[in-house]
Amino acid sequence: MSMNVAPESTPERQAYYDKIGAHNLSALWTVFRDIITGEPTSECQPHLWRYDELRSLLLEAGDLITAKEAERRVLILENPGLKGMSRITTSLYAGLQLVLPGEVAPAHRHSQSALRFVIEGAGAHTAVGGERTYMQVGDFVITPSWQWHDHGNDTSEPMIWLDGLDIPVLKFFDASFAESFGADEHPISRPAGDSLARYGQGLLPVDYKHQSLNSPIFNYPYDRTRDALHKLSESSDWDPYHGVKLRYVNPVTGDWAMPTIGTSMQLLNKGFSTKPYRSSDAVVFVPVEGEGRTRIGDRIVEWGPRDIFVVPSWHWVSHEVSTDSVLFSYSDRPCQEKLGFFREEHSAQ
C-alpha cells in the first residue's frame, strides 16, 4: 500500500478505535501520514507587514498604556496561519516594541533568549547583565537567557525595535521561567561598550573561560556589519542564491551568536536577482535599506525599508532588488543544525 493512502475505515475498525480511545490510546496507522510527512507541512503562511502601518498603530498604543504598565509595550506580529498563538513562525516569536522619550521598560529576566533589531531611533539604551548599550538603526542586540535586562529612552524621539524570541521553543519544552527584578533599572557595573571592546576585536581576555552558549558580545553595531558587507561585495564572488550574506557569530566558538536563533545580514546590489533557494527553517526578513520584491512559493511580496516579511519552511524563495539593499534575517536554524535535521536545496534555474 502506498504511504500516501490511508487504510480503509470499516465499522469493525472504528469500533476498535473507540475501544482503545477509552484507554487513552490511538492507532498509529490512522495518523501516520499526518505526523510523518514526505515534506515539511505547516500552518505558517508567507506574509508581509508594512512598517508605516505598524508604526502608526504602535504609537497609538503609546497613548493608551505606559511601558511600565505594560511591562513591555509590544505589538505581536502574528502569522495569519497561526492566529492567537503569538507566533510569526511555528517556532519563533516577533514583536515590535516602543519606548517613548523618558520611559523605562522595567528590569526582568526570563528563560527565553531575545534579539533586538533596531528599526527606528538613535541613542536609547538597553542594559544586559550590568552593561548598557546605546542603540542605532540596524544594530543587532542580544538578551541572553536568564539575564537581567531593562530598556530606557533618554532621547527626545521614540525608539522602536523588533523583538525576536524563542518563546514557542521554550513552550514546547515546558521550560519557561520569568522573574521581575523589583526595580525599574538593574545596577550598572561595566561601562558602555565594554563587551564589544573585550570580545569583538578578534581578541579575548587571556584567562577568559567560556560559560555561556550565547556570544559575549551583545550589540553588533550596524555600521561595522554594513562596512564588512560592502568590502566583501567588492572583492568576493557573489553567491547566486544569497548575494553577499554573513551570519552573526559567537567569537569564542565560531557558532551562531545565539544557541536557538540564527541571525544574518545580506547585501544585494541594484539589479541583482537571486536564484530560488529553500530550507527547512522558516525565516523572518527585515530590510534595512533598499527596495525589492521577493517571490515566496507562488506569492510575490514587494518591500521597502523597515517592512517585515516571513518565508515559511521549505518554500522556494528568491529576491530581486531595484536599489542596493541590505536585509536582516533570523530563523531557528541553529536548533535544527544541532539536532541534525536542517536541510536546504538550491535550484539549478
Side-chain angles (χ1 to χ4, degrees), residues 46 48 51 115-119 136-142 162 164 196 200-202 215 217 219-251 253-258 261-296 300-311 315-334 336-337 342-349:
L48 178 137
Y51 179 69
L115 69 86
R116 326 289 177 188
F117 187 71
V118 183
I119 302 288
Q136 309 291 327
V137 170
D139 287 0
F140 159 53
V141 180
I142 300 174
L162 179 72
L196 187 62
Q201 310 298 325
S215 170
I217 303 169
N219 187 347
Y220 292 75
Y222 180 61
D223 58 353
R224 292 166 58 121
T225 305
R226 182 65 174 83
D227 186 57
L229 290 169
H230 178 69
K231 283 184 169 59
L232 286 174
S233 74
E234 295 177 337
S235 60
S236 299
D237 292 334
W238 283 61
D239 187 294
Y241 301 94
H242 302 297
V244 177
K245 188 170 185 177
L246 300 174
R247 63 183 178 95
Y248 293 94
V249 299
N250 181 334
T253 64
D255 202 352
W256 296 94
M258 302 173 69
I261 304 176
T263 50
S264 301
M265 194 80 85
Q266 68 191 110
L267 171 66
L268 303 171
N269 275 356
K270 178 180 179 179
F272 189 82
S273 297
T274 65
K275 290 184 177 181
Y277 165 88
R278 63 179 177 177
S279 57
S280 54
D281 58 329
V283 184
V284 180
F285 286 91
V286 187
V288 191
E289 305 174 29
E291 295 180 344
R293 59 207 304 258
T294 296
R295 178 179 290 275
I296 308 168
I300 294 176
V301 297
E302 297 190 3
W303 46 261
R306 304 186 291 191
D307 292 339
I308 301 164
F309 63 96
V310 59
V311 176
H315 280 53
W316 289 108
V317 59
S318 57
H319 308 290
E320 179 182 342
V321 297
S322 52
T323 64
D324 290 354
S325 300
V326 181
L327 290 85
F328 173 80
S329 59
Y330 73 95
S331 80
D332 67 2
R333 180 169 174 171
Q336 295 197 25
E337 288 182 339
F342 174 76
R343 184 180 293 195
E344 60 185 341
E345 186 174 348
H346 301 77
S347 170
Q349 298 179 358

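Note that the CG atom of L327 and the CG atom of D307 stand 10.5 Å from one another [nearest 0.5 Å]. Here the straight-line distance linking atom CG of N269 with atom NE2 of H230 works out to 9.0 Å at 0.5 Å rounding. Once rounded to the nearest 0.5 Å, the distance linking CG of N250 with CD1 of I142 reads 8.0 Å. For the atom pair D139 CG and R224 CZ, the distance stands at 11.0 Å (nearest 0.5 Å). Expressed to the nearest 0.5 Å, how far CD of E320 lies from CG of L268 amounts to 11.0 Å. The line from CE of M258 to CZ of F140 is 6.0 Å long, rounded to the nearest 0.5 Å.
Checked by atom type, the side-chain pair Y220/S215 shows a donor-acceptor distance below 3.5 Å. Using a 3.5 Å distance cut-off with no hydrogens or angles, the side chains of Y222 and E289 do pair a donor with an acceptor.
When atom types are taken as modelled, the side chain of D324 and the backbone of K270 share a donor-acceptor pair closer than 3.5 angstrom. Remark: side-chain polar atoms of W238 are paired, donor with acceptor, to backbone N or O of S233 under 3.5 angstrom.
Both tests hold for R247 against W256: distance to the six-membered ring centre under 6.0 Å, angle to the ring axis within 45°.
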- Task: Under the side-chain contact (heavy atoms from CB on, under 4.5 Å) rule, what do Q266 and D239 come out as? Steps first, then yes or no, please.
- Result: CA-CA 11 Å; Q266 68 191 110; D239 187 294; over 6 Å; no
- Derivation and outcome, side-chain contact (heavy atoms from CB on, under 4.5 Å), residues Q336 and S280: CA-CA 8 Å; Q336 295 197 25; S280 54; 2.6 Å; yes
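The two residues E291 and G304 have their closest heavy-atom pair at CG-CA, 4.2 Å. M265 and G138 make their closest contact through CE-O, 4.0 Å (heavy atoms, listed as atom of the first residue, atom of the second, distance).
T225 places a side-chain heavy atom less than 4.5 Å from the side chain of Y248.
Each of H346, H315, E344, H242 was checked for a side chain to side chain donor-acceptor pair (under 3.5 Å) with Y277, and the lone residue meeting it is E344.
Here F285 pairs with F309, H319 under the ring pair (Phe, Tyr, Trp, His ring centres under 6.0 Å) rule; sequence neighbours left out.
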